[in-house]
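In what follows, every heavy atom counts, from backbone to side chain, and hydrogens, waters and symmetry copies are set aside. Throughout, a chain's letter reflects where its sequence line sits, starting with A, and its residues are numbered from 1.
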Amino acid sequence: GAGVSQSPSNKVTEKGKDVELRCDPISGHTALYWYRQSLGQGLEFLIYFQGNSAPDKSGLPSDRFSAERTGGSVSTLTIQRTQQEDSAVYLCASSTGAETQYFGPGTRLLVL
Amino acid sequence: AQSVTQLDSQVPVFEEAPVELRCNYSSSVSVYLFWYVQYPNQGLQLLLKYLSGSTLVKGINGFEAEFNKSQTSFHLRKPSVHISDTAEYFCAVSESQGAQKLVFGQGTRLTINP
């Protein structure tokens, strides 16, 4: 079946602009995660959604970062007033809520 | 909180040679352990996982790993590597309860030389 998809695959933006990154999880998966992969910090957790529960935002690096998940499916990660240190690959993963997370191909963000 | 240490940032080996990628973790609670592989410009693919039970787990592409609770290790092994195994390998841990968000090691770049 279809895996996790993310769009866009690449995004180049100017410092100070807002960006939106989209994640379509595997159908039926109730849990959705965002991670960031950067040269300096490696792979780090950002935010977690599970069903209708309040999201776990403990990994968001600043209040410029936010995410929502509409209808328990698609999720959007928004970065406001982008900075150069936001340049990274943003990975989305989904799961049934039990153990294994399935990752999308990522969105490569470059802030100039 | 959990942490993961991958002891080697790069491992070069010759084709058909055995390889071991080392991973140590720390946690005060019960955890699940994972190895993921990332091929160039791709997302993460699950190689294998340890949840409970037998400490030797087998995964895809001929890889296996052994959970050692006393040494808090979860080393990945393959008896004979191929050129196609060239990739970055990530060890990860999650709590067995709750959000199960993954904490990753820094990764090991495996390079296979002909």
Hydrophobic cluster membership, [X] vs [Y], 4.5 Å side-chain cutoff:
{"X": "B/Val103", "Y": "B/Phe34", "answer": "no"}
{"X": "B/Val11", "Y": "B/Leu48", "answer": "yes"}
{"X": "B/Val93", "Y": "B/Tyr32", "answer": "no"}

Give a yes or no on this: more than 12 heavy atoms of other residues, nucleotides or ligands lie within 6.0 Å of atom [atom1] of [X].
{"X": "A/Phe65", "atom1": "CZ", "answer": "yes"}
{"X": "B/Arg77", "atom1": "CZ", "answer": "yes"}
{"X": "B/Glu16", "atom1": "CD", "answer": "no"}
{"X": "A/Leu39", "atom1": "CG", "answer": "no"}

Measure the spacing between [atom1] of [X] and [atom2] of [Y] and express it to the nearest 0.5 Å.
{"X": "B/Leu102", "Y": "A/Leu91", "atom1": "CG", "atom2": "CG", "value": "11.5 Å"}
{"X": "A/Thr100", "Y": "B/Tyr36", "atom1": "OG1", "atom2": "OH", "value": "6.0 Å"}
{"X": "A/Gln101", "Y": "B/Leu46", "atom1": "CD", "atom2": "CG", "value": "10.0 Å"}

> Centroid-to-centroid, A/Phe45 to B/Phe104, below 6.0 Å?
Replying inline: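 Ring centres of B/Phe104 and A/Phe45 not closer than 6.0 Å.
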> Relative to chain A, which segment of B/Gln42 carries a heavy atom at a distance below 4.5 Å: side chain, backbone, both, or neither?
Replying inline: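 Looking at B/Gln42, just its backbone touches chain A.
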> Under a 4.5 Å heavy-atom cut-off, does chain A meet the side chain of B/Gln45, its backbone, both or neither?
Replying inline: neither
> In terms of heavy-atom proximity below 4.5 Å to chain B, should A/Ser9 be classed as side chain, backbone, both, or neither?
Replying inline: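 Neither part; nothing is under 4.5 Å.
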> Between A/Gln37 and B/Phe90, what is the shortest heavy-atom contact and its length?
Replying inline: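 Residues A/Gln37 and B/Phe90, closest heavy atoms: NE2-CZ, 3.5 Å.
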> Between A/Phe103 and B/Leu44, what is the shortest heavy-atom contact and its length?
Replying inline: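 Heavy-atom minimum between the residues: CB-O, 3.5 Å.
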>> So if I apply the side-chain contact (heavy atoms from CB on, under 4.5 Å) rule between B/Lys101 and each of A/Asp56, A/Ile47, A/Leu46, which one comes out positive?
In response: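 The passing option is A/Asp56.
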